K.L.:
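Could you have a look at this structure, given as structure tokens, before my questions?
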Amino acid sequence: MMPARIIDGRPIAQRMQNDIKRAAADYEARTGAPPGLGVVLVGDDPASAMYVRMKRRACERAGLRSDARILPSETTQAQVENAVREFNADPNIHGILVQLPLPDHIDEEAALNEISLAKDVDGIHPLNLGRLGMRGREPTFTPATPTGVIQLIKETGESIEGKQAVVIGRSNIVGLPVALMLTNANATVTICHSRTRDLPATVRRADIVVAAVGRAEYVLGDWLKPGAIVIDVGSNSLPDPATEKGYRYVGDVDFESAQAVAGYLTKVPGGVGPMTITMLLSNTLKAAWRSLET
Ligand code: NAP
């Protein structure tokens with residue numbers, strides 16, 4: 001058995017970000033201002049703060065403007081919704097990202113409901129997620145991480161149509177929308193979660209496996225059908241005294257054992273992560289161009 005071909009998200013993301021940079025410069029030349037992303041971050045979760053920093057840096061590199069409302073944990077519901085409304089009203093902001101999770105006392109659905117559909121570049125407005133699951137309806141944008149997952153599958157050159165796909169995880173931001181997008185691409189989809197019985201046997205039937213479990217190195221090589229396309233969304237930090245930082249990031253898939261069985265396998269880090277940011281930039285650019293049409 002040949003070892004898996006590794007799907008490296010970094011050069012793919014780089015290629016797409018170069019295109020975005022060129023298009024953002026065109027947009028700025030035409031309108032006098034760059035496409036703009038507004039980010040709302042509430043609380044002091046270090047992982048969320050890091051994701052926001054990475055997204056803002058990527059905006060800068062691609063020539064997009066980014067503006068952030070960094071609010072303390074004790075922020076009220078009204079203040080969060082106001083921050084979103086200010087971005088809705090700002091003509092220099094074309095896309096809005098509310099970094100999840102929000103603190104427990106904030107009503108997440110009510111906050112996301114405030115995002116203008118035209119600026120919902122993370123595709124997480126409840127109406128956009130609903131449309132994603134409905135026949136004949138089109139969301140204004142599809143969510144960034146799931147769109148990155150689909151893009152990585154397409155990069156293999158294999159078609160999705162008719163394939164058996166297993167998605168492990170059913171969260172609103174990853175598992176569920178990935179499953180809907182795979183269904184829309186005509187795969188036959190099974191969604192697995194913490195109550196799934198005999199996960200290995202279910203995974204073994206899949207031509208495409210998307211792991212979004214949040215458990216380090218959980219999916220093992222001997223669960224996989226030989227030749228399967230395996231997309232690892234997981235991003236888990238494991239203590240590692242051998243590294244300078246004292247920890248390292250691993251995926252939800254056990255890379256070593258999976259590599260021997262899968263046909264294609266993504267890396268962690270360097271797989272889905274760079275694609276997520278790229279899709280956010282791409283959607284912000286799209287939102288900016290669309291704003292000129294109305
Ligand atoms: P989440 O909200 O915690 O959801 C995890 C899902 O996995 C849930 O549906 C849960 O089932 C299921 N699950 C948990 N334990 C399981 C088990 N033993 N067997 C089968 N299913 C199990 O996580 P998330 O936000 O979707 O994120 C998933 C992973 O992706 C995390 O590692 C996260 O860090 C990573 N992530 C990466 C990116 C990126 O850009 N690379 C973006 C977002 C998230 P129940 O529904 O039954 O609880």
Side-chain angles (χ1 to χ4, degrees), residues 7-10 12-13 16-17 39 41 45-58 97-102 104 108-109 112 121-124 129 132 142-153 165-182 189-206 209-220 223-224 230-238 247-255 258 265-283:
I7 311 173
D8 188 344
R10 281 181 280 221
I12 300 168
M16 296 178 81
Q17 289 188 22
V39 180
L41 171 66
D45 174 48
S48 292
M50 182 185 77
Y51 294 140
V52 164
R53 266 199 312 277
M54 287 166 69
K55 288 166 186 172
R56 297 195 69 192
R57 253 188 247 138
L97 167 83
V98 176
Q99 184 66 40
L100 300 178
L102 292 167
D104 287 345
E108 180 186 296
E109 182 170 350
L112 298 180
V121 289
D122 211 15
I124 50 169
L129 268 186
L132 189 61
T142 54
T145 301
T147 308
V149 167
I150 301 292
Q151 184 66 35
L152 288 179
I153 298 171
V166 164
V167 179
I168 319 172
R170 55 177 166 182
S171 73
N172 291 340
I173 57 166
V174 190
L176 177 71
V178 165
L180 296 173
M181 291 181 79
L182 286 167
V189 181
T190 305
I191 303 177
C192 299
H193 44 75
S194 64
R195 311 294 166 87
T196 297
R197 289 194 195 139
D198 203 355
L199 185 60
T202 308
V203 171
R204 214 166 279 130
R205 289 198 295 270
V209 179
V210 179
V213 202
R215 289 175 170 241
E217 300 172 331
Y218 188 68
V219 177
L220 304 177
W223 298 13
L224 300 172
V230 181
I231 308 292
D232 188 353
V233 186
S235 171
N236 312 287
S237 66
L238 277 189
Y247 61 88
R248 67 192 160 93
Y249 282 101
V250 298
D252 290 343
V253 177
D254 178 46
F255 191 86
L265 176 62
T266 58
K267 300 205 292 190
V268 177
V272 175
M275 295 304 290
T276 294
I277 295 183
T278 306
M279 294 305 157
L280 185 69
L281 300 180
S282 162
N283 281 349

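Please read all numbers here as calculations on a predicted model, not as lab measurements. Just so you know, ligand 1 is whichever comes first in the structure, and atom 1 is the first atom listed for that ligand.
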K.L.:
Can you tell me the protein heavy atom closest to atom 14 (C) of ligand 1 and the distance?
P.N.:
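Looking at atom 14 (C) of ligand 1, the protein heavy atom closest to it is Val213 CG1, 3.8 Å.
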K.L.:
Within a strict 4.5 Å, meaning less than it, do heavy atoms of the Pro143 and Leu129 side chains meet?
P.N.:
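Side chain of Pro143 against side chain of Leu129, heavy atoms only: contact under 4.5 Å found.
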K.L.:
Indicate, as side chain, backbone, both or neither, the part of Thr276 found under 4.0 angstrom from ligand 1 when only non-hydrogen atoms are considered.
P.N.:
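The side chain, only.
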K.L.:
So how far is it from Ile124 CD1 to Leu97 CG, rounded to the nearest 0.5 Å?
P.N.:
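These two atoms lie 6.5 Å from each other.
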K.L.:
Considering both backbone and side-chain atoms of Tyr51, is one of its nitrogen or oxygen atoms within less than 3.5 Å of a nitrogen or oxygen in ligand 1?
P.N.:
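No; every N/O pair is 3.5 Å or more apart.
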K.L.:
Name the closest protein heavy atom to atom 18 (N) of ligand 1, giving the residue it belongs to and the distance to 0.1 Å.
P.N.:
Tyr218 OH, 2.9 Å
K.L.:
I'd like the name of whichever of Arg215, Arg170, Met279, Arg195 reaches closest to atom 8 (C) of ligand 1 through any heavy atom.
P.N.:
Arg170
K.L.:
What I'd like to find out is whether the side chain of Met275 reaches to under 4.5 Å of the side chain of Val149, using heavy atoms alone.
P.N.:
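No, side chains not in contact.
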K.L.:
Strictly under 4.0 Å, does any heavy atom of Ala212 approach an atom of ligand 1?
P.N.:
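Within the 4.0 Å threshold, so yes.
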K.L.:
Would you say the side chains of Asn283 and Asp122 form a donor-acceptor pair under 3.5 Å?
P.N.:
no
K.L.:
With a 4.5 Å heavy-atom cut-off, do Ser171 and Leu176 have their side chains touching?
P.N.:
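No, side chains not in contact.
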K.L.:
With atoms numbered from 1 as shown, which atoms in ligand 1 lie under 4.0 angstrom from a non-hydrogen atom of Gly169?
P.N.:
6 (C), 7 (O), 9 (O)
K.L.:
Considering only non-hydrogen protein atoms, determine which one is nearest to atom 26 (O) of ligand 1 and report residue, atom name and distance to 0.1 Å.
P.N.:
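Among all protein heavy atoms, the one nearest atom 26 (O) of ligand 1 is Ser171 OG, 2.5 Å.
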K.L.:
Which ligand 1 atoms, with their elements, are less than 4.0 angstrom from a heavy-atom of Ile173?
P.N.:
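Answer for ligand 1: 25 (O).
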K.L.:
Quick one: side chains of residues 210-220, donor-acceptor pairs under 3.5 Å with protein atoms, not counting sequence neighbours, listed by atom name and distance.
P.N.:
none

K.L.:
Identify which of Val233, Thr202, Asn236 has a heavy atom lying nearest to atom 41 (N) of ligand 1.
P.N.:
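Comparing heavy atoms across Val233, Thr202, Asn236, the nearest one to atom 41 (N) of ligand 1 lies in Val233.
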K.L.:
Do Ile168 and Val209 come within less than 4.5 Å of each other through their side chains, counting heavy atoms only?
P.N.:
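Yes; the side chains approach each other to less than 4.5 Å.
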K.L.:
Is ligand 1 less than 4.0 angstrom away from at least one heavy atom of Gly273?
P.N.:
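Contact check Gly273 vs ligand 1: positive.
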K.L.:
Nearest protein heavy-atom contact for atom 20 (C) of ligand 1: which residue, which atom, what distance?
P.N.:
His193 O, 3.1 Å
K.L.:
What heavy-atom pair brings Pro274 and Gln17 nearest, and what distance separates the two atoms?
P.N.:
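Looking at all heavy atoms of both residues, the closest pair is O-NE2, 4.2 Å.
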K.L.:
Considering non-hydrogen atoms of the protein only, which is the closest contact for atom 44 (C) of ligand 1, and what is the distance?
P.N.:
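Nearest neighbour among protein heavy atoms for atom 44 (C) of ligand 1, to 0.1 Å: Val174 CG2, 3.8 Å.
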K.L.:
Sequence neighbours excluded, which residues qualify as salt bridge (Lys or Arg N to Asp or Glu O under 4.0 Å) partners of Arg204?
P.N.:
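Once residues adjacent in sequence are excluded, Arg204 has no partner under the salt bridge (Lys or Arg N to Asp or Glu O under 4.0 Å) criterion.
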K.L.:
So for Thr145, does at least one of its heavy atoms come nearer than 4.0 angstrom to any atom of ligand 1?
P.N.:
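Heavy atoms of Thr145 do come under 4.0 Å of ligand 1.
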K.L.:
Atom 10 (C) of ligand 1: which protein heavy atom is closest, and how many Å away?
P.N.:
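Of every protein heavy atom, Ser194 N, 4.2 Å lies nearest to atom 10 (C) of ligand 1.
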K.L.:
Quick one: are Tyr51 and Ser235 in side-chain contact, heavy atoms under 4.5 Å?
P.N.:
yes
K.L.:
Nearest protein heavy-atom contact for atom 31 (C) of ligand 1: which residue, which atom, what distance?
P.N.:
Gly214 CA, 3.6 Å
K.L.:
Among all protein heavy atoms, pick out the one at the shortest distance from atom 33 (C) of ligand 1; state its residue, atom name and that distance to 0.1 Å.
P.N.:
Ser235 N, 4.2 Å
K.L.:
Protein heavy atoms near atom 3 (O) of ligand 1, is at least one of them under 4.0 angstrom away?
P.N.:
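Flag for atom 3 (O) of ligand 1 set to false, no protein heavy atom closer than 4.0 Å.
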K.L.:
For a quick test of reading the model, state the closest non-hydrogen atom pair linking Val167 to Gly175 and the distance between them.
P.N.:
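Result for this residue pair: CG1-O, 3.6 Å.
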